[in-house]
Structures are given as C-alpha cells and as structure tokens.
Protein chains: 2
Amino acid sequence: MANGAAAVRGGGSGGRRARATLRDVAEAAGTSRSTASRALGGHGYVADHIKERVEAAAERLGYVPDVSARTLKGRSSGLVGVLVSDLRNQFYAELAAGVEHALSAAGYQMVLVDDHADEERAAAGARAFLAMRADGVLLTPVARGATETLVGHGVPVTELDRRSGVRGCDAVAIDNERGARLAVEHLIGLGHRDVGIVVDEVQWDTGRNRLKGYRSALRDAGLPVPRRHVLDLSQGEGDQAAQLAAFLDGNPALTAVFAANNVMAELVWQELKRRGSAVPEGCSVVSFDDLAWMKMVEPGLSAVRQPVFDLGGRAAELLLDRVGRDGAGRAESVVLQPELVLRGSTAPPKN
Amino acid sequence: MANGAAAVRGGGSGGRRARATLRDVAEAAGTSRSTASRALGGHGYVADHIKERVEAAAERLGYVPDVSARTLKGRSSGLVGVLVSDLRNQFYAELAAGVEHALSAAGYQMVLVDDHADEERAAAGARAFLAMRADGVLLTPVARGATETLVGHGVPVTELDRRSGVRGCDAVAIDNERGARLAVEHLIGLGHRDVGIVVDEVQWDTGRNRLKGYRSALRDAGLPVPRRHVLDLSQGEGDQAAQLAAFLDGNPALTAVFAANNVMAELVWQELKRRGSAVPEGCSVVSFDDLAWMKMVEPGLSAVRQPVFDLGGRAAELLLDRVGRDGAGRAESVVLQPELVLRGSTAPPKN
DNA sequence: CTGTTAGCGCGTTCAT
DNA sequence: ATGAACGCGCTAACAG
C-alpha cells in the first residue's frame with residue numbers, strides 16, 4: 001500500500017486540525033505539487049482546466065500558503081517591524097495608525113513593539129525583527145543600538161520623528177525647530193517677553209530642536225533667555241507636577257508657557273487649572289502637538305499641529321520604496337512642516 | 001575541490017550582506033550543525049568547551065536564528081495576530097497597548113492590523129494571520145467571518161470587547177449593560193426623568209448592551225422609555241453633529257444625555273458647547289469610557305471607566321494560556337467590571 | 001557526547 | 001504543458 005493521502009499527519013491531540021498543504025491540494029486535484037504551485041501562484045504554464053481544478057481544490061480544502069516556507073525559500077516575509085516608545089501616548093498611536101495604513105495598503109503586515117523608551121527593550125525588538133526576517137523596520141529611536149544592529153545586518157531602516165544619527169537609514173521627521181519658533185514668535189508678537197518652556201526630554205533631537213527653536217526665537221527678538229525659564233523634566237524621577245509648581249512659583253514674571261509636547265501640555269494645563277490661574281489672562285499657553293482634547297477645553301489650546309498620521313504614512317512609503325529596490329540607493333531624509341493653530345489660550349500679556 | 005564554505009551564497013547586488021546561518025556558525029566553531037544547534041538552543045548534551053566555542057562564533061558572526069525555518073519545522077512562530085477596528089481611537093490604541101505589553105512579556109510578537117471596522121479587511125487580516133502561522137489571534141470582531149475562518153483552521157482565538165457569537169473562542173469583555181446602568185441610575189438618582197442616549201452602533205453586543213442597560217435602568221425606576229430619546233447614529237452617512245443638533249432640538253425636555261462611547265461623548269460635548277448649553281445646569285452628561293480629556297474640560301465629565309489596558313492584557317494572557325495547551329480546553333469567557341467616575345458634568349435637573 | 005540523516009512546505013530549476 | 005528533484009535553515013531522530 002502506498003503512502004496514502006489520508007494518512008494522519010502531525011496528529012497532535014490538541015484538537016487542532018492539520019492544515020492543508022500544497023501537497024494535499026495537488027493530490028485532491030490529481031496533479032503534481034509543482035503544477036499546483038504554478039496554478040496558484042500564476043507563474044509558468046498551466047492548462048486552464050487544470051488551473052480551475054486546482055483552485056477549486058484549494059478553496060475546498062481551505063488552503064492557505066505557508067509564509068514561513070516561502071520566506072525560507074528566500075522570498076520576502078511581508079513583515080515590517082515597527083518600534084515605538086509609548087503606545088499609550090496618542091502621538092505614537094496615531095503614528096502607528098499611519099504606518100499601518102500605508103503598510104497594509106501595500107500588502108505588508110505590521111509587527112508592532114512598544115519599547116517604553118527603553119534601550120534594552122528596543123534592542124530585543126530589533127533582534128526579533130532580525131529573527132523573523134522583517135523586510136524592513138520603522139522606528140522612533142531611543143538610542144543608536146537598535147538602528148545599528150539592523151543596518152549592520154542589511155535591513156532597510158527608516159527612522160520616524162527623530163534620528164539616532166546612524167548613517168545608512170532613511171528618516172522622516174517634523175521641522176521641530178521651526179515649529180517651536182512659530183509658537184514662540186507668536187507669543188512674542190503678542191507682546192510677551194517672559195516666556196517659559198517645559199520639556200521632558202532633550203536627549204533626542206526632537207526635544208533639543210524644540211528647545212533650540214524656543215531659544216533662537218527669543219534671541220532673534222532681542223529678548224533675554226534666562227536658564228531659569230527652562231524647566232527640564234528629563235531627569236524627572238520625582239513628581240513632575242510638583243516640579244512644575246515650583247518652577248511657576250520661582251518665575252512669577254512669566255506671562256506665557258510653551259509646552260514642548262502633548263504630555264507636557266497636559267501637565268501644564270492641569271497645574272494651571274489646579275492653582276486657578278486664568279488662561280490666557282494670567283498665563284498664555286501653547287502646545288507642541290495638537291490633540292483632540294485641546295479644542296475641547298475652554299479656552300481652546302493654541303498648538304503646533306503636526307501631521308502625525310501622514311508622518312507615519314510617508315515613512316512607511318519611503319521604507320517600502322527602499323525594500324522594493326532591495327535596499328539600494330542613498331539614504332533619504334524627509335522633513336514635514338508643522339502648522340500653528342490659534343485658539344483661545346494665547347493673548348497679549350495683562351500688564 | 002569540495003563545496004567551499006566561502007562560496008558566495010545568494011549574492012544579490014543590493015548591497016545586502018548574506019546573513020550568517022547556523023551552518024556558518026558550525027563551520028566557524030569546527031562542529032556539525034546539530035551540535036551548534038544544541039549548543040545555542042540549550043537542549044541535549046554538549047560539552048562545555050564546545051558550547052562556549054559555538055556561542056563565541058555565533059556572537060562574532062552576528063548570528064540570528066531564522067524564525068521561518070523554525071516555524072516551518074513545526075515549532076511556534078511566536079507571532080500573535082491582533083485585529084482592531086480603529087487604531088486612531090484611543091480606546092483601541094490603549095487596548096493594543098495592553099495586549100502588546102502582555103505579549104512581549106511572554107516573548108511573543110504582536111502583528112497589528114487595523115480593519116477600520118470593515119468586514120473585508122478583517123477577512124484579509126485573518127487570512128494573513130493564517131498564512132504566517134500565527135500562534136493565536138486576538139480581535140475585536142466586526143462580523144463572524146474572521147473568527148470563523150480562524151477557529152475553523154484550529155487557530156486559538158480570543159475576542160476582545162465584544163463577541164461575534166462564534167463558538168470555540170475565548171472572550172474578554174466589559175459588563176456593558178451594568179456600566180450603562182450605573183451611569184443612568186446615577187442620573188435617575190439625581191432626579192432626572194428625561195434622559196437621552198446617543199449611540200453609534202447597535203450591531204455589536206457592546207452598543208446593544210449599553211442601550212439595554214440604559215433602557216432597563218429607566219424601566220426599573222418606573223420611568224418611560226420613549227423611542228425618540230434614543231439617537232442611533234449607526235446608519236450615519238450624514239453629518240453626525242447635525243443629527244445630534246436635530247435630536248436635541250426635537251427633545252427639549254431632556255435634562256441629561258448618556259453618550260455610549262468616547263466618540264459620542266466628544267460629539268455631545270462639542271455640540272453642547274457650540275450651542276452654549278450650560279453643563280450640568282442645562283444638561284447633564286455622562287460618557288461610557290473615560291479618556292484623559294474628560295478630566296481636563298470644565299466641568300469634568302462624569303464617565304464609566306473601563307479597565308481598557310487590563311482588558312487587552314487579560315485577553316492576551318487568556319489566549320497564551322490556550323496556546324500553551326495547544327488549543328485544548330473549554331472556551332473561557334471573562335467579564336470585567338466598569339466603574340462610575342463622578343465629576344462635575346452631572347447634577348440634579350434645574351426645575 | 002557528537003555527527004549523519006531526514007524532512008517541515010514551498011518555489012524553481014531541469015527534463016521530459 | 002507537466003512532473004521529478006533539489007534546497008532554503010533548522011531541529012529531532014538515530015547511530016556512533
């Protein structure tokens with residue numbers, strides 16, 4: 001008796017049915033495996049009636065080609081790794097949404113890892129992407145490590161929102177310095193001379209450039225830029241609200257505050273509300289990054305709007321371009337422009 | 001001359017270096033492939049000094065095991081598919097974050113697909129998960145299709161937040177009926193008799209049960225439940241704000257509105273603000289789902305808080321349990337309890 | 001303790 | 001137009 005088609009293969013007791021394989025389909029259609037492969041893949045010559053028979057058999061058996069086998073054969077895995085710093089932060093969530101949208105439109109799958117801005121976890125994510133033979137990787141870098149590993153192994157990488165400085169990878173980011181300038185110049189234009197800034201990271205170019213834009217806007221206007229007007233919470237082990245409170249108490253002359261990202265904006269907003277400061281009468285506020293809540297509070301929060309969803313989409317497209325070229329070509333760098341949205345939280349200083 | 005180890009393999013011109021394979025490692029360490037495999041995998045017997053030599057070689061060559069090969073061999077892919085309806089909605093983003101957290105703690109990778117609540121896209125996602133041999137799938141069902149496909153192929157499935165009704169899959173959800181009751185009973189307790197509800201879907205059990213909870217709370221209090229107090233936006237092709245405006249105009253007796261989810265809460269909040277209605281004096285408002293902005297607006301929005309992050313985490317754990325048992329065991333169903341958070345948006349009716 | 005062998009599912013030669 | 005044979009990288013048998 002020949003090795004019957006009906007032989008139970010991989011008969012685990014888990015209740016999980018063995019998946020139909022190309023061989024099953026071929027046998028059901030009465031052809032060889034290679035013919036079945038051509039019929040389903042659409043390559044090479046296959047007689048029409050055979051093709052139909054194979055397709056019918058595949059449908060009937062619920063055949064789904066095995067990507068791992070195909071990947072092993074040297075073809076693409078169809079997987080793109082994405083590494084973000086904090087999925088609970090709406091900024092990153094929307095970034096991921098933009099990425100996913102572009103990837104899935106191109107037939108790719110997104111493997112999403114949240115590294116919580118931790119270098120160790122980012123490195124683990126990079127290794128995982130390597131192991132699964134991801135066709136490319138998108139990431140908001142925490143440090144150089146992950147990008148270096150990936151680029152070193154020849155995996156196309158595009159950095160989002162900030163750059164690690166590693167050569168050989170594409171990047172898509174916002175013009176952070178200009179965005180900060182827009183915000184601060186607006187305040188200066190209203191007559192503010194004492195403007196504070198609240199930042200929670202200056203280790204990456206994102207925060208650093210926002211700080212830079214803040215400083216140069218003031219300097220260009222001939223205004224002083226005292227260090228004590230800068231609240232840097234990046235070391236912040238302690239209570240951020242308390243540090244902010246101390247900052248405000250120590251700078252009674254401030255008539256406006258620039259929050260360098262949405263998290264800081266939330267912090268500032270809550271603290272001003274807590275202490276009963278009138279906005280904008282007592283203190284004007286501008287945020288970098290415009291979230292939905294900023295138009296719902298009273299007064300609405302003026303903000304530097306970033307095209308976050310598009311940022312993710314553009315980055316994905318840039319990456320897939322490179323993947324399509326098998327990694328060849330010079331590293332590209334795209335800078336998107338932010339836009340200032342004026343609402344009620346900014347007004348001329350009172351005195 | 002034997003087939004040299006130094007032969008160039010897969011030499012594409014893309015500038016991408018060939019990855020080190022287990023064979024390369026074995027040759028560099030002067031052993032066979034299986035010994036190298038055992039040394040790195042930690043199974044079976046390997047002499048200590050050999051093991052060290054293999055590990056050193058692997059490190060030196062930057063060896064990363066190929067998951068597709070391992071998967072093909074019948075082992076787990078380490079991939080879990082996750083299908084959500086709208087990644088831009090903070091609810092789903094936080095759900096995904098909770099899932100990711102639990103998965104990555106267990107060494108799994110999350111393949112995230114946003115189906116935009118579209119049945120077609122969900123089906124495509126399910127097929128992709130099948131093709132990549134995902135070890136399990138988590139999803140917020142849009143219809144029965146995707147779950148049926150997956151379960152039919154023996155893939156462990158856990159549904160989140162709502163259920164499709166397909167047998168054989170686990171589920172983790174919120175007690176939506178009870179959450180809605182909490183909200184509406186609170187309003188009734190304050191003295192409201194004319195309470196409206198705004199819903200944007202009743203096709204899933206989530207919205208249906210919230211509506212049910214709303215109705216039964218009123219009924220149990222001996223209050224009437226007129227149809228015109230229910231605004232169902234689920235067919236909503238038109239302008240939702242306009243429909244809401246018409247609803248409010250047509251129900252001048254309403255003293256309170258229950259928004260069945262965070263999107264509806266935003267809509268209601270904006271519309272009340274637009275028309276200058278005082279909250280809570282003119283109209284009390286409660287939301288199902290508590291987002292960050294709800295505590296930042298003035299007055300703060302009373303809301304039914306759901307443990308969204310935990311919901312995702314619990315679902316992931318439930319799924320991984322089943323994956324660990326190779327799919328065996330009865331389908332489990334977990335129901336998490338919501339909690340009413342009182343803020344300033346609810347007060348006794350004016351008259 | 002180690003090496004040899006076989007095969008996971010697929011695509012791609014090469015002969016028919 | 002079709003089928004037989006090989007190998008992608010890895011691991012689980014089995015010898016030695």
Side-chain angles (χ1 to χ4, degrees), chain A residues 2-3 5 7-12 16 18-54 58 61-78 130-133 153, chain B residues 3 5 7-12 18-54 58 61-78 130-133 153:
Chain A
N3 260 344
V8 176
R9 294 200 326 282
R16 193 181 304 197
R19 286 185 235 259
T21 160
L22 188 56
R23 186 186 33 188
D24 301 330
V25 175
E27 281 171 355
T31 65
S32 73
R33 296 190 285 273
S34 16
T35 301
S37 171
R38 280 182 299 238
L40 296 175
H43 335 292
Y45 304 96
V46 185
D48 287 353
H49 63 283
I50 297 275
K51 180 167 178 170
E52 283 167 24
R53 239 196 303 163
V54 173
L61 295 176
Y63 169 73
V64 181
D66 189 319
V67 173
S68 8
R70 183 180 297 166
T71 302
L72 186 56
K73 243 331 228 184
R75 326 255 330 144
S76 120
S77 66
L130 238 32
M132 70 181 66
R133 300 301 186 250
H153 280 260
Chain B
N3 261 344
V8 176
R9 295 199 327 281
R19 285 185 237 258
T21 161
L22 186 58
R23 200 220 333 225
D24 301 330
V25 175
E27 281 170 355
T31 65
S32 72
R33 297 192 285 271
S34 22
T35 302
S37 170
R38 280 182 300 237
L40 296 174
H43 333 294
Y45 303 97
V46 186
D48 287 353
H49 64 284
I50 297 273
K51 180 166 178 173
E52 283 167 23
R53 239 194 306 162
V54 173
L61 296 177
Y63 170 73
V64 180
D66 189 320
V67 174
S68 6
R70 184 179 296 166
T71 302
L72 185 56
K73 200 45 194 160
R75 323 258 329 146
S76 121
S77 66
L130 238 32
M132 70 181 66
R133 300 304 185 248
H153 281 259

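Naming convention: chains lettered A, B, ... in sequence-line order (proteins, then strands); numbering from 1 in each chain. Small disclaimer: the values here were computed from a predicted structure and weren't measured.
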Step by step, work out the side chain to side chain contact (heavy atoms under 4.5 Å, CB included) result for B:Leu40 and B:Leu22. CA-CA 10 Å; B:Leu40 296 174; B:Leu22 186 58; 4.0 Å; yes
Take A:Asp24 and A:Tyr63 through the test side chain to side chain contact (heavy atoms under 4.5 Å, CB included) and record every step on the way to the result. CA-CA 9 Å; A:Asp24 301 330; A:Tyr63 169 73; over 6 Å; no
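Within the structure, every side-chain polar atom (N or O) of A:Ser32 is placed at least 4.0 Å from both OP1 and OP2 of D:dT2.
Looking at residues two or more places apart in sequence or on another chain, you find a side chain to side chain contact (heavy atoms under 4.5 Å, CB included) between B:Ser32 and B:Ser34, B:Thr35. Contacts of A:Val67 classified as side chain to side chain contact (heavy atoms under 4.5 Å, CB included), with partners at least two apart in sequence or in another chain: A:Thr71, B:Ala131.
If you take CG of A:Asp24 and C1' of C:dC8, they are 13 Å apart, rounded to a whole angstrom. Between the NE2 atom of A:His49 and the C1' atom of D:dT2 there is a distance of 11 Å, given to the nearest Å. Going from atom CZ of B:Arg19 over to atom P of D:dC10 covers 11 Å, rounded to whole Å.
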The contact string for nucleotides 10-16 of chain C, one letter per nucleotide 5' to 3', using protein heavy atoms under 4.0 Å with B, S and - for base, sugar-phosphate only and none, comes out as BBB----
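What you find for B:Val25 and B:Val54 is that their closest heavy atoms are CG1-O, 3.8 Å. Here the shortest heavy-atom pairing between B:Ala69 and A:Leu72 reads CB-CD1, 3.8 Å.
Nearest to the side-chain atoms of A:Leu72 among the listed nucleotides D:dT2, C:dG9, C:dT2 stands C:dG9.
Screening residues 37-54 of chain B for salt bridge (Lys or Arg N to Asp or Glu O under 4.0 Å) gives no qualifying pairs among residues at least two apart or on separate chains. Every pair passing salt bridge (Lys or Arg N to Asp or Glu O under 4.0 Å) that includes a residue from residues 66-77 of chain A is listed here, sequence neighbours excluded: A:Asp66-B:Arg133.
Rounded to 10 degrees, the angle separating the terminal axes of the helix from C:dC1-D:dG16 to C:dT16-D:dA1 is 50°, with each axis obtained from five end pairs.
Residue contacts for B:Ser68: at a heavy-atom cut-off of 4.0 Å it reaches no nucleic acid atom on any strand shown.
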